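Keep in mind it's a predicted model, so treat the numbers as computed, not measured.
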Amino acid sequence: MEIEEKLFQETLQQSKNVTGLLTDEYGNPIIGATILVKGTTQGVISDINGRFSIRVAVGETLSFSFIGYENVEKKVTSETEVFNIRMIEESTSLKDVVIVGFGKQKKASVVGAISSVKPESFKLPTSSLSASLAGRMSGVIAVQRSGEPGGDGADFWIRGIGTNGANSAPLILLDGVEISSGDLNDIQPDDIQSFSILKDASATALYGVRGANGVMIVTTKEGATNEKISVKARLENSWSMPSYHLDMVDGPTYMRMYNEALKNDDPNTSPMYSEDRIQGTIKGLNRYIYPNVDWQKEIFKNVTMNQRANINISGGSKIASYYVSAGIYRDTGIMKNISQGSFNNNIDNKRYNFQANINANVTKTTKVSLKLSTVIDDKNSPVVSAADTYRNIIQKTNPVNFPIMFPAGSGPLGNETNILYGNMSFNGATFVNPYAELAKGYSTTFSSTVISTFELKQDLSMLAKGLSARALFSYKNWNTAKTDRSTVPFYYQISKYNPTDYTYTLEKIGTTGSDYLSFSKANNGDRTIYWEAAIDYQRLFGKNNITAMLLYNQRQYNPAFPSSLFDAVPYRTTGLAGRFTYAYDERYFAEFNFGYNGTENFIKDRQFGFFPSIALGYSISNEDFFKPLRSVVTALKIRGSYGLVGNDKIAGARFPYLTEISLGTGPNYHYGENMNTWYSGITFTRIGNEQAKWEVGYKANVGIDMEILGSLNLTIDYFTERRTGIFQQPATLPSSMGFGSTIPYYNLGEVKNSGIDASFTYNKAVNKDFTISLLGNIVYAHNKIIKDQYPEQIYSNLSHIGHPINSIYGLTASGLYGTQEEIDHGPVQQYGSGPKIGDIKYVDITSQVDGKNIVNDNDKHVIGSPTVPEITYGFGGTIRYKKFDFGIFFQGVARTSFILSAGNMAPFGRWNANVAQWIADDYWSESNPNPKAQYPRLSAIGNENNHQNSTYWLRDGSFLKLKSLEFGYSMKYLRFYVNGTNLLTFSNFKLWDPEMGGNGYYQYPTQRVFNIGIQFNFN
């Protein structure tokens, strides 16, 4: 015992206590980093302030590691007391590993156009990941058209739209497995390790017929070996409210405007609404006889609350590591719960996320991984959609037709147990009561998505140094079940009333109602099986670095409920992909990629295609002659690429080479003595085209990467693509060809898309307490149609050639008619019964072509910019001072337009539609004969002349938003924060959120959100 005690005391004398601080390159403390005595399992974890303390013997080496940062090793000497370690984040290091197609590469050697974003950028108070994309990733154009829970994901494109065919969406991969945009929206930001965008041919050619529209690659987090358990959690509560409110007029204003509209149509017509009724409504004499309903106020509330929670646990031992997480998201709608039953008619969308990633080192050379991702969606919503509810309020009712409901006991029988909903009979039909429609029932949708992936990696260095192999198998299953339950409202109207005491008698109208909930259901689903196997080689020969990869893959997709015989046939693709890279002395880089892919969709001899690409790079800053400049320009690289990519998702039905006929449905063939016997012939329902194939895109890219003063990083790319063979039906074929309506599809179309994208980041640690991080990016993508399915136009203004996809075609408006003389001496406008004073005046732009002084659809031409923005940009930054942090981000779009749909906005008409306040504020009238009024002459029956797409209704869709703002405060193990999204919008358009385009008139509004949250970090 004495000997053991003596040895113990000697060991203590030889060891010492070492303390220190771990920070990132911006001075922020690194929480939960592992500090190990090299070669042992002895270690500690850095605390919430990044500090650590460990007992270690002199001469031993400490290893500092943290996920996403380069490992650091420090040897302990007799003088060592404190280690203050500045760890370098991998994503900004020249040794960083960048996610590329089917693999990884060093950042310094990447010659393709690839952009990435930190997962923290997605941690906004939203349940749809794509709603966070716009302005945050170089090359991505995204717009959010709705704010409805579960439907608030953004539409997005990589470098704009390169095809007017069936599919312009990018390929999305989660841990190497293809997923849908809906699946992308369901990913938890807390689970994301990296998010990369592959933009040029060198990055996407590997994916062959699937890579033409760009590729998004998302990888999930994993644990690390020899890492102690780490527990992180996040709780949030947010208040969500509409970003705008479209006001409608009150009852008296509506009635007076309706009477005016009748007079405009026919000066001899009697008013619809008497002055007594108008005055009775103003005075509020009886809200059932003189209703004045604010439908929006009755149906919608001003604010709703949503919650989000997430917990993840990670760690590892010598042979295995793990990352597991669970999350719950609850988003509710802004509809009031107005049902009279036990059900909830508001939107209540709950989502549950589960992720489990397990890695194990089976041997020193063999590693296996299992990743399980499960998403469960449980949604309750009105049986009438939110969009239809807005449409009912604006287009199919008004404040004065009827009240929401009549008091119980006032029905014809006096003892009705059902709700006495108000309505009005019109020519045997009833109008729409938006309140009753919303309250009549509910819908439940239950969906589940399960993705399981197994991967095996084998080091084959025993055969050849640098050689390895890997294989991956994945199974994805999606199922959804929807159930609708609804009653049939009972409707009543006043048959007579006493104007003295305001008593009234009700009568039942319309279809007999029912208080019993009906039942209907629908199911859908699919499953996908995918596997790949690859051989990789990486070797350094002196200054020569060589890598190579050869990969084979197969994918099969099956709908669970096929809708046709063709749909029941599995969707299959198969392919071979290869990559070869060469780098010399980290100065000169070359890369060759190819994809050789096949799809079952085309005839046998045309099922496979070859898609090669080549890229070159030159790191000028690594040249000796550049040394004098490195103190300022620390890194400079130029690069370029060219290659082919494909798109196999084409328009029309599957197997376009097949001709389809229907027996017994054609004309009858009569024969016999009395010609009374016949056989039915065949009908060609589709005529095949054996020459059909996929679209092919020819992509080129030139880029420059620069780092200045070690803090400012700039990336600028110019890109261009020519997409050929776009699948289209010829728009005009002579009947003599015999096709009838069964016109086959051909590879006719061609589109050119080009532009620039650029980004910058700036990171500066002013001192240990104060750091600044700035970022910004912009993408400009302009496309134009080179060829399409239409013949050469007599009127060149109608041609699509040379114009962007999603262009708006309309007439040129020249104000409003002010006098009858203007109408008599102007061109004849061939819409409806012709214009009247106060109607829109159009310009005849084709008189020099046809010599006619008329305006019709032949005078329409491209007006404004495309409906999809050509420019998307974002900029912002984060400031950290001691334990405080402040972040701000702006996002905007430019070069985009939209049309106000005059026909949908028009008041009155068949349904006595409502009137928006902006129309009442400035419309043409005899008392306001303004030729530039916001709205033309009122009409009670509709006005075809004024409902045409024209520059009168054209609006600029450009905007700049204060997209997010965040304040945070960090404590030991905790961080508190408050943030908000969609806080301010700067735009010339004021009626609704311009990001919604023309949908804002009757669509669930985008939301302004205020959020509070707390983060926990335990190690």
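Between Asp200 and Ser641, the side chains place a donor N or O and an acceptor N or O closer than 3.5 Å (distance only, hydrogens not considered). For the 3.5 Å distance criterion, the side chains of Asn544 and Tyr582 qualify, holding a donor opposite an acceptor. Donor-acceptor pairing under 3.5 Å is recorded for the side chains of Arg159 and Asn701. Between the side chains of Gln458 and Thr365, a donor-acceptor pair is found at a separation under 3.5 Å. For Ser711 and Asn763, the side-chain atoms include no donor-acceptor pair closer than 3.5 Å. Neither side chain, Asp605 nor Gln607, offers a donor N or O lying under 3.5 Å from an acceptor on the other. When only modelled atom types and interatomic distance are considered, Thr878 and Ser773 share no side-chain donor-acceptor pair under 3.5 Å. Side-chain N/O atoms of Asn213 and Arg723 include a donor and acceptor closer than 3.5 Å.
Across every non-hydrogen atom of Tyr537 and Lys465, the tightest pair is CE1-O, 3.3 Å. When every heavy atom of Thr634 is checked against every heavy atom of Gly710, the shortest pair comes out as OG1-N, 3.5 Å. Across Pro170 and Ile158, no two heavy atoms sit closer than the pair CB-CD1, 3.6 Å. Nearest heavy atoms, Ala33 versus Phe66: CA-CD1, 3.6 Å. The two residues Pro804 and Glu870 make their nearest non-hydrogen contact at CG-OE2, 4.1 Å. The two residues Ser196 and Ile114 have their closest heavy-atom pair at CB-CG2, 4.4 Å.
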Problem set entry | Step-by-step side chain to side chain contact (heavy atoms under 4.5 Å, CB included) determination, Met549 to Asp536 | CA-CA 5 Å; Met549 179 203 72; Asp536 296 286; 3.2 Å; yes
Exercise. Do Ser168 and Trp157 pass the side chain to side chain contact (heavy atoms under 4.5 Å, CB included) test, and can you show the C-alpha distance, the side-chain angles, and the key distance before you say yes or no?
Worked result: CA-CA 7 Å; Ser168 59; Trp157 304 265; 3.3 Å; yes
For this session: May I have the step-by-step check of side chain to side chain contact (heavy atoms under 4.5 Å, CB included) for Arg722 and Glu750, ending in yes or no?
Result: CA-CA 7 Å; Arg722 181 171 61 91; Glu750 183 174 326; 3.2 Å; yes
For this session: Check the pair Asp459 / Ser461 against side-chain hydrogen bond (donor to acceptor under 3.5 Å, both in side chains), numbers first and verdict last.
Result: CA-CA 6 Å; Asp459 185 356; Ser461 296; 2.7 Å; yes
For this session: Check step by step if side-chain hydrogen bond (donor to acceptor under 3.5 Å, both in side chains) holds for Asn167 and Glu695.
Result: CA-CA 10 Å; Asn167 175 52; Glu695 302 174 6; over 6 Å; no
For this session: Just do the side-chain hydrogen bond (donor to acceptor under 3.5 Å, both in side chains) check on Thr220 and Gln193 with the steps written out, would you?
Result: CA-CA 5 Å; Thr220 55; Gln193 177 65 33; over 6 Å; no
Problem set entry | Step-by-step side chain to side chain contact (heavy atoms under 4.5 Å, CB included) determination, Gln728 to Asn164 | CA-CA 9 Å; Gln728 296 171 335; Asn164 55 353; 3.3 Å; yes
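For the side chain to side chain contact (heavy atoms under 4.5 Å, CB included) with Ile805, the lone residue among Asn753, Val868, Ile161, Thr163 that qualifies is Ile161. Checked options Asn713, Ile708, Leu775, Leu774; the residue passing with Tyr762 is Leu774 (criterion: side chain to side chain contact (heavy atoms under 4.5 Å, CB included)).
Contact check for Val633 versus Met706: side-chain heavy atoms found under the 4.5 Å cut-off. Contact annotation: the side chain of Asn601 approaches that of Pro656 to within less than 4.5 Å [non-hydrogen atoms, C-beta and beyond]. Here the side chains of Asp757 and Tyr718 are not in contact, with every heavy-atom distance at 4.5 Å or above. Considering only heavy atoms from C-beta on, Thr449 comes within 4.5 Å of Asp183 through its side chain. Considering only heavy atoms from C-beta on, Ile620 comes within 4.5 Å of Phe625 through its side chain. Side-chain contact between Ile546 and Thr581: absent, with no pair of heavy atoms (C-beta onward) separated by less than 4.5 Å. Under the 4.5 Å side-chain criterion, counting only non-hydrogen atoms from C-beta, Lys457 is in contact with Glu455. For the pair Val111 and Leu616, the minimum side-chain heavy-atom distance is 4.5 Å or more.
Judged purely by atom type and a 3.5 angstrom limit, Asn553 uses its side chain to pair as donor or acceptor with the backbone of Gly575. Of the possible polar contacts, one joining the Asn747 side chain to the Gly725 backbone as a donor-acceptor pair under 3.5 Å is found. Checked by atom type and distance alone, the side chain of Ser63 never pairs as donor or acceptor with a backbone atom of Asn71 at under 3.5 Å. Under the 3.5 Å distance criterion, the side-chain polar atoms of Asn777 are left unmatched by any main-chain donor or acceptor of Ala758. In this structure, the side chain of Glu600 engages the main chain of Arg572 through a donor-acceptor pair within 3.5 Å. Asn357 places no side-chain N or O within donor-acceptor distance of the main-chain N or O of Tyr323, the cut-off being under 3.5 Å. Side-chain N or O atoms of Ser202 include none that pairs as donor or acceptor with a backbone N or O of Ser613 at under 3.5 Å.
Residues Phe610 and Phe594 place their aromatic rings such that the two centres sit under 6.0 Å apart. Ring to ring, Tyr618 and Tyr588 are close: their centroids are under 6.0 angstrom apart. Ring centroids of Trp531 and Tyr552 are separated by less than 6.0 Å, placing the two rings close together.
Between the CG atom of Leu174 and the CD1 atom of Ile179 there is a distance of 4.5 Å, given to the nearest 0.5 Å. Of the inter-residue distances, the one linking Ile141 atom CD1 with Thr872 atom OG1 reads 4.5 Å to the nearest 0.5 angstrom. Expressed to the nearest 0.5 Å, how far NZ of Lys699 lies from OG of Ser754 amounts to 11.5 Å. Rounding to the nearest 0.5 angstrom, the gap separating the OH atom in Tyr642 from the OG1 atom in Thr720 is 9.5 Å. For the atom pair Ser138 OG and Phe760 CZ, the distance stands at 12.0 Å (nearest 0.5 Å). One distance of note links CG of Leu636 with OG of Ser619; it measures 7.5 Å at 0.5 Å rounding.
Counting heavy atoms of neighbouring residues, nucleotides and ligands inside a 6.0 Å radius, atom CG of Leu748 exceeds 12 of them. For Lys221, the NZ atom sits in a packed shell: over 12 heavy atoms of surrounding residues, nucleotides or ligands are nearer than 6.0 Å. Remark: Lys476 NZ is packed, more than 12 non-hydrogen atoms of other residues, nucleotides or ligands lying under 6.0 Å away.
Taking a cutoff of 4.0 Å between a charged side-chain nitrogen and a carboxylate oxygen, Glu178 and Arg555 qualify as a salt bridge.
Ring-plane geometry between Tyr571 and Tyr557 is classed as perpendicular, the angle between the planes exceeding 60 degrees on a 0 to 90 degree scale with a lower cut at 30.
The salt bridge (Lys or Arg N to Asp or Glu O under 4.0 Å) test applied to Lys371 returns Asp175, Glu222, not counting sequence neighbours.
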